[in-house]
Amino acid sequence: MAQQVIVPRNFKRLEELEASEKGTGDMSISMGLVNADDIFLTDWNANILGPPGTPFDGRLYELRVTAGEEYPNRPPTVRFISRINLTGVDQSSGEVKRDFPALQQWNRNMTIESILIALKNSMGIPMNKRLPQPAEGARF
């Protein structure tokens with residue numbers, strides 16, 4: 001029976017940081033550390049470029065991600081800084097609710113980028129395309 005190798009928390013975070021710095025993933029998503037000297041790689045800035053053909057098209061959404069001590073065993077906390085009307089986002093705080101599918105189905109093989117991609121993809125579902133959006137540049 002093969003044993004599963006569990007990548008230590010900080011190695012996983014370093015892998016994610018390196019991938020984001022190299023731009024190897026989805027080019028409509030970017031992320032990096034809030035403070036370059038954050039040795040625990042806890043606080044991240046992220047951006048999502050709204051997908052074409054949606055009310056979010058051409059808008060740049062700023063988010064803050066906190067990968068706490070339990071990460072990657074537990075999902076990070078994700079909060080929009082840019083105001084957005086999107087299913088699964090608390091309209092008073094901008095926080096992505098724990099019942100958002102990517103957070104609800106979280107497992108340690110997922111990444112911060114996978115949550116950002118899920119958020120971007122949710123912008124394209126019919127229910128969200130019908131939601132009225134706040135003025136561009138509005139913030140939580």
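Scope of the values below: all heavy atoms of this structure, side chains included, with no hydrogens, waters or symmetry mates.
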Side-chain atoms of residues 29-41: list all donor-acceptor pairs with protein atoms under 3.5 Å, sequence neighbours left out, distances to 0.1 Å.
unit_1: Asp38; atom_1: OD1; unit_2: Phe40; atom_2: N; d: 3.2
unit_1: Asp38; atom_1: OD1; unit_2: Leu41; atom_2: N; d: 3.1
unit_1: Asp38; atom_1: OD2; unit_2: Thr42; atom_2: N; d: 2.8
unit_1: Asp38; atom_1: OD2; unit_2: Asp43; atom_2: N; d: 3.1

[X] vs [Y] side-chain heavy atoms within contact, under 4.5 Å:
X: Asn121; Y: Met123; value: no
X: Pro134; Y: Asn85; value: yes
X: Pro51; Y: Phe56; value: yes
X: Tyr71; Y: Glu16; value: yes
X: Leu63; Y: Asn47; value: no
X: Trp44; Y: Thr66; value: no
X: Glu95; Y: Val78; value: no
X: Ser28; Y: Ile48; value: no

field: Shortest non-hydrogen contact from Pro76 toward Ala67
entry: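 Scanning both residues, the minimum pair turns out to be CB-CA, 4.1 Å.
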message: If hydrophobic clusters are built from ILVMFWY residues whose side chains come within less than 4.5 Å, do Leu49 and Leu116 share one?
response: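 No, Leu49 and Leu116 fall in different hydrophobic clusters.
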- prompt: Shared ILVMFWY cluster between Ile81 and Tyr61, side chains joined below 4.5 angstrom?
  reply: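 No, Ile81 and Tyr61 fall in different hydrophobic clusters.
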Approximate separation, where rounding is to 0.5 Å, of [X] [atom1] and [Y] [atom2]:
X: Ser92; Y: Phe140; atom1: OG; atom2: CZ; answer: 8.0 Å
X: Thr54; Y: Lys120; atom1: OG1; atom2: NZ; answer: 10.0 Å
X: Glu15; Y: Thr111; atom1: CD; atom2: OG1; answer: 10.5 Å
X: Ser122; Y: Leu86; atom1: OG; atom2: CG; answer: 4.0 Å
X: Glu70; Y: Arg108; atom1: CD; atom2: CZ; answer: 11.0 Å

task: Go through the structure and list residues passing salt bridge (Lys or Arg N to Asp or Glu O under 4.0 Å) with Arg79, not counting sequence neighbours.
output: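 For Arg79 there are no salt bridge (Lys or Arg N to Asp or Glu O under 4.0 Å) partners, ignoring immediate neighbours.
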query: Hey, are Glu62 and Arg139 close enough for a salt bridge, meaning a charged N less than 4.0 Å from a carboxylate O?
result: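 Yes.
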message: Other residues, nucleotides and ligands only: do more than 12 of their heavy atoms fall within 6.0 Å of CZ on Arg98?
response: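 Counting neighbours around CZ of Arg98, more than 12 heavy atoms of other residues, nucleotides or ligands fall under 6.0 Å, so yes.
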Aromatic ring proximity, centroids under 6.0 angstrom, Trp106 and Phe100: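 Between Phe100 and Trp106, the centre distance exceeds or equals 6.0 Å.
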Full working for side-chain contact (heavy atoms from CB on, under 4.5 Å) between Gln91 and Val89: CA-CA 6 Å; Gln91 289 304 297; Val89 176; 4.2 Å; yes
field: side chain to side chain donor-acceptor pair (under 3.5 Å) partners of residues 125-136, not counting sequence neighbours, each pair once
entry: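 Output for this query lists Thr87-Asn128.
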